[in-house]
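Please read the structure below before turning to the comments.
Counting starts at 1 for both ligands and their atoms, following the listed order.
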Amino acid sequence: MSILVTGGAGYIGSHTCVELLDAGFEVIVVDNFSNSKSVVLNRIESITGKPLKLYAIDLLHREALEGVFEVNAIEAVIHLAGLKAVGESVDNPLWYYKNNITGTLNLLEIMNKYKVNKMVFSSSATVYGASSSVPNSEDSPLKANNPYGRSKLMIEEILGDLYRSNPDWYISILRYFNPVGAHESGRIGEDPHGIPNNLMPHISRVAVGRSDRLSIFGSDYDTPDGTGVRDYIHVVDLAKGHLKALEKINRVSGINYYNLGTGRGHSVLEVIKMFESVTGRNIPYSLTNRRPGDIDKCYADPTKAKVELDWVARKTLSDMCRDAWRWQKNNPNGYEG
Ligand code: UFG
């Protein structure tokens, strides 16, 4: 029996595949490579010494996707495929809804048909919205304020309705906080197209000389040093969380929601200082205006994942900076190099 990982060539998907293969699972990846490169799969195989099966398929191509279920015995699906840039989703909402929602509906209908009823879904802390107080627990109010976030929230609701219609589903919804860092081999990591939207890849690119300086978006937030506070979580800890969720859905039916975060917030300035001290690189920065849609602080209450999944994030901010830098230094041009 195999685990199907949609979006398995992406940043979180590639790290999750490594953990799955290391744990002895057979892995099938479905990816359309819209935001990833096929060379990632070779690197996963060389890190783990194990093969995986790849289908270069878009979830919108229903027949092709159904073909994967026809010829493979799939036990569970880890569903990570989706578009994820907030700004892009504001500019092109229909594209986001079609990809994220229709792609998920195709997948769920096919799963229903082939009686595969176990899913781990990649959601986001973005579903807690701007107004909820920190730390966010799983029962904090939900509200997304952009099409990307709303697509995650809508899929959570679709999965809830599906479970209520058929309690024989086993569903785990993982709400990620801010994944950063890279596998400690330095062979797989985050490789965004163009100028990175997110903080850590931008810092790494300044460090490696691909960007001149970092803009800090806002220095007048209600936080100790005025810059935004987030719950950064090492991508390998996050990947391990998927295995714990998989173990749980193999035992118990139901739908469950888990925060995957460390429970600690760090400001932008703290991240920069830690990166500089761990790597010895200087990160020039400018203080600029707030980025529209950003909130002052966001961090998890991760208690539920600890109690119910026996999962805790173990890696520190220093580990995250060290591993992000190792990846960037070894691969200055990302997977292109
Ligand atoms: N930031 C900068 N400069 C940059 C990039 C980011 O100062 O060049 C700041 C942001 O203003 C924020 C912090 O760094 O204070 C973190 O920003 P990221 O873009 O790295 O992460 P976000 O918290 O904004 O977004 C992340 C995910 C989204 C998700 C969101 C909410 O990238 O997909 O968390 O959970 F929706």
Side-chain angles (χ1 to χ4, degrees), residues 7 10-12 35 80 82-90 96 100 122-132 134-136 138 140 142-156 173-181 190 192 194-207 210-235 238 257 259-262 264-275 283-300 302 317 320-321 324:
Y11 173 46
I12 293 164
N35 193 25
L80 312 174
L83 298 169
K84 60 168 191 171
V86 173
E88 200 174 61
S89 79
V90 173
Y96 265 65
N100 294 2
S122 125
S123 188
S124 164
T126 197
V127 299
Y128 293 122
S131 55
S132 63
V134 288
N136 294 121
E138 287 78 358
S140 294
L142 301 180
K143 186 178 186 308
N145 62 355
N146 58 69
Y148 157 73
R150 274 191 279 278
S151 76
K152 290 290 181 193
L153 197 47
M154 285 175 197
I155 295 169
E156 287 200 3
I173 293 179
L174 304 181
R175 294 177 179 154
Y176 309 154
F177 280 70
N178 288 59
V180 296
E190 191 170 14
I195 298 169
N197 289 313
N198 298 119
L199 181 64
M200 190 66 89
H202 208 147
I203 292 178
S204 308
R205 287 205 184 170
V206 173
R210 282 177 71 186
S211 269
D212 291 341
R213 62 176 47 236
L214 179 83
S215 294
I216 297 186
F217 301 140
S219 51
D220 57 351
Y221 282 111
D222 178 20
T223 60
D225 64 23
T227 64
V229 165
R230 296 289 184 276
D231 186 339
Y232 297 95
I233 171 172
H234 196 294
V235 65
L238 190 76
Y257 305 79
N259 285 339
L260 296 188
T262 65
R264 282 209 56 193
H266 291 286
S267 72
V268 176
L269 283 171
E270 278 182 287
V271 177
I272 295 172
K273 282 200 193 98
M274 180 61 78
F275 192 95
I283 306 297
Y285 63 81
S286 314
L287 300 176
T288 63
N289 291 337
R290 292 182 178 197
R291 182 170 62 178
D294 272 359
I295 53 177
D296 55 355
K297 42 189 178 292
C298 174
Y299 52 92
L317 184 62
M320 301 176 209
C321 292

Would you mind reporting whether Asp212 and Val206 have side-chain heavy atoms less than 4.5 Å apart?
no
Hey, does Tyr128 sit under 4.0 Å from ligand 1 if you only count heavy atoms?
no
Atom 18 (P) of ligand 1 sits nearest the protein heavy atom Asn198 ND2, 3.4 Å
Nearest protein heavy atom to atom 15 (O) of ligand 1, by residue and atom, and its distance?
Gly228 CA, 3.6 Å
Taking all atoms of both residues into account, what is the closest heavy-atom pair of Tyr128 and Ser140, and its distance?
CD2-CB, 3.8 Å
Ser124 and Phe177, any side-chain heavy atoms less than 4.5 Å apart
no
Proximal ligand 1 atoms for Arg291, defined as those under 4.0 Å from one of its heavy atoms
10 (C), 17 (O), 18 (P), 19 (O), 24 (O)
Heavy-atom contacts with Asn197 under 4.0 Å: which atoms of ligand 1 show up? List them by number with element.
5 (C), 19 (O)
Does ligand 1 have any atom that is closer than 4.0 Å to a heavy atom of Gly149?
no
When you measure from atom 11 (O) of ligand 1 to every protein heavy atom, which one gives the shortest distance, and what is it?
Asp294 OD2, 2.6 Å
Kindly determine whether Thr223 and Asp296 satisfy side chain to side chain donor-acceptor pair (under 3.5 Å), including the steps that lead there.
CA-CA 7 Å; Thr223 60; Asp296 55 355; over 6 Å; no
Close-contact set for ligand 1 against His202 heavy atoms, below 4.0 Å:
8 (O)
Any nitrogen or oxygen of Val86 lying under 3.5 Å from a nitrogen or oxygen in ligand 1? Just yes or no.
no
Would you say Phe217 has any N or O atom under 3.5 Å from an N or O of ligand 1, going by distance alone?
yes
So with a 6.0 Å cut-off around CG of Asn289, is the heavy-atom count from everything else above 12?
no
min-distance protein heavy atom vs atom 30 (C) of ligand 1 -> Thr126 CB, 4.3 Å
So, do Lys273 and Ile283 sit near enough that their side-chain heavy atoms are less than 4.5 Å apart?
no
Please evaluate residues Leu214 and Leu199 with respect to the criterion side chain to side chain contact (heavy atoms under 4.5 Å, CB included), reporting the C-alpha separation (whole Å), side-chain torsions for both, the decisive distance (0.1 Å), and the verdict.
CA-CA 9 Å; Leu214 179 83; Leu199 181 64; 3.9 Å; yes
Count the heavy atoms belonging to other residues, nucleotides or ligands that lie under 6.0 Å from OH of Tyr285, then report whether that count exceeds 12.
no
For the CG atom of Asn178 and the NE2 atom of His234, what is their distance to the nearest 0.5 Å?
14.5 Å
Only heavy atoms of Ser124, strictly under 4.0 Å: list the atoms of ligand 1 that pass.
29 (C), 35 (O), 36 (F)
Atom 14 (O) of ligand 1 [closest protein heavy-atom partner, distance rounded to 0.1 Å]
Val268 CG2, 3.5 Å
Is Lys84 close to Asn35 at the side-chain level, that is, under 4.5 Å between some pair of heavy atoms?
yes
May I ask you to establish whether Arg290 and Tyr221 are in a cation-pi arrangement, using a distance under 6.0 Å from NZ or CZ to the six-membered ring centre and at most 45° from the ring axis?
yes
The option among Met200, Arg205, Arg230, Lys84 carrying the non-hydrogen atom nearest to atom 23 (O) of ligand 1 is Arg230
Nearest-contact summary for atom 28 (C) of ligand 1 - protein heavy atom, Å
Tyr148 CE2, 4.3 Å
What protein heavy atom lies closest to atom 3 (N) of ligand 1? Include the residue and the distance to one decimal.
Ser215 O, 2.8 Å
Has ligand 1 got any nitrogen or oxygen that is less than 3.5 angstrom from a nitrogen or oxygen of Tyr176?
no
Run the numbers for me: atoms of ligand 1, each under 4.0 Å from some heavy atom of Tyr232, listed by number.
13 (C), 14 (O), 16 (C)
Atom pair CG (Leu80) and OG (Ser122), whose distance is rounded to the nearest 0.5 Å
5.0 Å
Check each atom of ligand 1 against the heavy atoms of Ala125 and keep those under 4.0 Å away; list them by number with element.
35 (O)
What atoms of ligand 1 come within less than 4.0 Å of a heavy atom belonging to Ile216?
7 (O)
With heavy atoms of Leu214 as the reference, note each atom of ligand 1 found under 4.0 Å away.
8 (O)
Test Val127 against Arg175 for side chain to side chain contact (heavy atoms under 4.5 Å, CB included), laying out the working first.
CA-CA 8 Å; Val127 299; Arg175 294 177 179 154; 3.5 Å; yes
So which heavy atom in the protein is nearest atom 22 (P) of ligand 1, and how far is it from that ligand atom?
Asn178 ND2, 3.6 Å
